[in-house]
Amino acid sequence: MSEHITLPIGPQHPLLKEPVHFRFTLDGERIVDVDIRLGYNHRGIEKAAEERTYIQDLYMIERICGICSHVHATNFVQATEGVLKTDVPPRALYLRVVVGELERIHSHLLWLGVAGHEIGFDTLFQVVWRDREIVQDLLELITGNRVNYGMNTIGGVRKDLNPAAIEETLKGLKVLEERTNYYAQVVQADSTFIARVSGVGPLPKELAISSCACGPTARGSGVDYDVRRDLPYAAYNEISPPTVAMCWAAHW
Amino acid sequence: MLPQAVLSKIINWSRYTSPWIIHFNAGGCNGCDIETLAALTPRFDVERFGILLKGTPRHADVLVVTGPSNQQIKDRLRRIYDQMPHPKFVVAVGSCAISGGVFRGCYNTQGGMDEVLPVTAYVPGCPPRPDAIIQGIYVLLEKLKKGG
Amino acid sequence: MLPQADMNWIKIPAETIRQYTSDLITKGEFRHLSTITGYQDGETICLLYHFLVPQGGLNVRVCVPLANPVLPSISPVLIGAILYEREIQDLLGVRFEGIVDARRVILPDHFPQDVFPLRKDFKKEDLP
């Protein structure tokens with residue numbers, strides 16, 4: 001009979017950005033069980049949302065997560081607008097998309113940097129986060145805030161986009177595109193990076209589907225799924241964003 | 001052997017020129033945490049003040065703590081604080097760490113960090129900008145400089 | 001545009017939910033399960049399974065009585081539903097029969113075992 005080892009990680013661990021507790025059960029190097037305890041981070045937002053007004057809820061729900069705050073707020077206002085049967089001006093829908101896409105860029109760059117940090121490639125972390133400041137500046141220019149933008153409100157958005165800001169945004173996006181292409185080239189060419197990540201915890205396509213993976217996680221396993229295309233909200237039905245379902249199977 | 005007065009001056013000097021920090025999220029939304037991390041990256045570069053982010057409380061002088069703190073985490077928070085060597089300081093970052101912020105009154109949160117730990121400096125904002133976090137740490141360093 | 005536009009809503013008996021899910025999978029219609037949500041409506045607890053099928057969103061509603069909130073777990077046929085079911089189990093006190101892993105996940109360790117925060121009779125003043 002094999003001996004099992006219990007390995008607790010968290011709530012304070014240099015790897016963790018949030019206070020969660022994992023209790024891994026290991027059989028040699030293989031993880032056979034994990035007990036996840038999220039109570040360290042549980043705040044009780046669901047109950048608080050029942051007790052507060054819709055406008056108070058909007059600002060609280062935006063703070064479910066400080067990285068993807070616009071998404072949560074968009075969800076909430078859409079649900080509320082659905083209940084109220086309110087029409088939202090098309091310009092407001094497009095502005096939600098603009099902020100949503102900028103948020104997506106900042107979030108991807110954030111995780112690319114953190115992923116670099118976790119595997120000991122700190123240069124990547126520092127350089128990516130330097131470039132992430134470009135999109136943070138754009139978000140601040142458009143919404144007034146770097147995080148928790150406060151852009152959405154029930155029935156529309158709270159701020160408009162002026163021509164000067166549009167020009168500035170396009171300029172910033174050009175730089176970001178250039179930099180992102182460069183990073184894509186770096187991580188696919190750097191042999192130490194590939195040696196560190198290839199074959200580590202691969203998620204096969206079937207498991208990705210049955211474990212309800214979504215977003216880049218699912219697409220990284222080759223699942224062709226993008227909520228913006230498959231179940232469009234805001235103005236996504238009119239723009240059909242390009243989706244990349246890519247898989248590093250060659251490296252497994 | 002140096003006289004005691006000179007020695008304590010050197011110790012104090014090294015204290016305010018290279019404070020090592022540990023960063024802990026006590027149940028916040030991550031907004032303050034990414035802004036704290038952003039303060040370490042090239043645009044803001046908090047390392048020019050000699051500040052270094054450490055992974056363990058045993059190496060740290062300053063605990064940078066975010067989030068409202070809750071019923072389950074407060075004992076862990078206290079333990080992390082106890083593990084830090086003396087003298088130690090706490091910087092509470094963000095509205096939640098100050099008063100519970102938007103989560104004040106939720107059934108599992110508390111009304112601010114000072115219910116659990118003695119806080120030296122508060123940085124308001126939801127979340128505070130990286131510049132504001134740097135200012136908060138700078139205020140703390142100024143205090144150390146004066147030997148406070 | 002609101003996402004409600006291409007959403008379908010159906011209601012099925014609670015005890016058939018596992019069969020329904022496994023049929024979706026064997027027919028090849030299942031693409032994604034976004035989440036499971038739940039709410040208390042008077043003396044019943046209703047759960048909504050938010051599926052994605054080729055035609056768009058498919059929201060399946062099942063209801064169980066508050067006095068005996070038990071229904072079959074779909075985790076034996078769809079492993080990704082475990083976390084959703086465990087969350088509902090913690091917050092609403094619904095029991096899932098045959099769930100692969102029934103341990104508490106969301107609530108803090110010291111939280112009483114028989115108190116469920118999202119039920120309407122919950123009061124935070126009653127907590128120890």
Side-chain angles (χ1 to χ4, degrees), chain A residues 11 19-23 33-51 74-75 77-88 90 93-94 96-97 206-215 218 223-228 230-238, chain C residues 1-7 21 25 28 30-40 49-59 74-84 86-88 90-92 100-101 103-111 115-120 122-124 127:
Chain A
V20 287
H21 180 70
F22 298 100
R23 191 169 297 232
D33 186 35
V34 57
D35 189 9
I36 312 168
R37 309 311 312 263
L38 303 178
Y40 293 101
N41 210 6
H42 180 66
R43 285 158 285 183
I45 293 177
E46 300 90 344
K47 193 70 188 176
E50 279 184 5
E51 294 164 355
T74 308
N75 264 321
V77 293
Q78 282 177 350
T80 315
E81 285 155 7
V83 172
L84 294 171
K85 300 195 171 26
T86 318
D87 279 333
V88 185
L93 293 178
Y94 274 92
R96 279 180 191 168
V97 168
E206 291 70 38
L207 188 60
I209 295 172
S210 68
S211 58
C212 304
C214 61
V223 181
D224 189 17
Y225 166 64
D226 189 332
V227 72
R228 298 171 300 164
D230 297 332
L231 208 56
Y233 57 95
Y236 280 119
N237 57 332
E238 291 166 26
Chain C
M1 132 181 198
L2 287 174
Q4 282 90 335
D6 42 316
M7 285 286 188
T21 311
I25 295 169
F30 171 81
R31 291 191 62 197
H32 185 62
L33 173 66
S34 295
T35 187
I36 306 172
T37 50
Y39 60 94
Q40 181 186 347
Y49 293 69
H50 305 280
F51 289 103
L52 181 73
V53 291
Q55 298 82 30
L58 174 65
N59 303 285
I74 64 166
S75 63
V77 291
L78 186 67
I79 196 74
I82 291 190
L83 275 179
Y84 310 146
R86 280 166 80 184
E87 183 178 1
I88 286 173
D90 281 8
L91 295 177
L92 271 168
V100 177
D101 179 356
R103 286 175 292 192
R104 175 179 272 193
V105 61
I106 293 265
L107 291 178
D109 291 340
H110 61 82
F111 207 84
V115 177
F116 307 108
L118 284 192
R119 293 223 182 149
K120 300 292 179 200
F122 170 83
K123 282 193 185 62
K124 61 176 177 250
L127 289 177

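Numbers restart at 1 for each chain; the letters A, B, ... are given by sequence-line order, proteins then strands. Since we're looking at a predicted model, the values are computed, not measured.
In this structure, chain A has no heavy atom under 4.5 Å from any part of C:Ile82. Interface remark: C:Tyr84 contributes side-chain atoms only to the contact with chain A (heavy atom separation under 4.5 Å). With a 4.5 Å cut-off on non-hydrogen atoms, A:Asp33 touches chain C through its side chain but not through its backbone. Using a 4.5 Å cut-off between heavy atoms, A:Glu50 contacts chain C through its side chain alone, with no backbone atom that close. Of the two parts of A:Val97, neither the backbone nor the side chain holds a non-hydrogen atom closer than 4.5 Å to a non-hydrogen atom of chain C. The contact between C:Glu87 and chain A is made entirely by side chain atoms (from C-beta outward), counting heavy-atom distances below 4.5 Å. Within the 4.5 angstrom heavy-atom criterion, atoms from both the backbone and the side chain of C:Leu107 approach chain A.
In this structure, C:Arg119 CZ and C:Leu91 CG are separated by 11.0 Å, a value rounded to the nearest 0.5 Å. Atoms CG and OH, on A:Asn75 and A:Tyr233 in that order, are 8.0 Å from each other to the nearest 0.5 Å. Expressed to the nearest 0.5 Å, how far CG of C:Leu92 lies from CD of C:Gln40 amounts to 7.5 Å. Atom NE2 of A:His21 and atom CG of C:Asp109 lie 8.0 Å apart (nearest 0.5 Å).
Between chain C and the options A:His42, A:Lys47, A:Glu238, the largest number of non-hydrogen pairs under 4.5 Å is found for A:Lys47. Highest contact tally toward chain C, considering only A:Asn41, A:Val227, A:Asp35, is held by A:Asp35 [criterion: heavy-atom pairs under 4.5 Å]. With respect to chain C, the highest number of heavy-atom pairs below 4.5 Å among A:Cys212, A:Ala213, A:Cys214 belongs to A:Cys212. In terms of heavy-atom pairs under 4.5 Å with chain A, the best-connected choice from C:Ile79, C:Val105, C:Leu78 is C:Val105.
Qualifying ring-ring contact (aromatic ring centres under 6.0 Å, His included) partners for C:Phe116, counting only residues two or more places apart in sequence or in other chains: none. For C:Asp101, the salt bridge (charged side-chain N to carboxylate O under 4.0 Å, His left out) partners at least two apart in sequence or on another chain are C:Arg86, C:Arg103.
Closest approach of A:Tyr40 and A:Pro11 over heavy atoms only: CE2-CG, 3.8 Å.
The shortest distance between side-chain heavy atoms of C:Leu33 and C:Thr21 does not fall below 4.5 Å.
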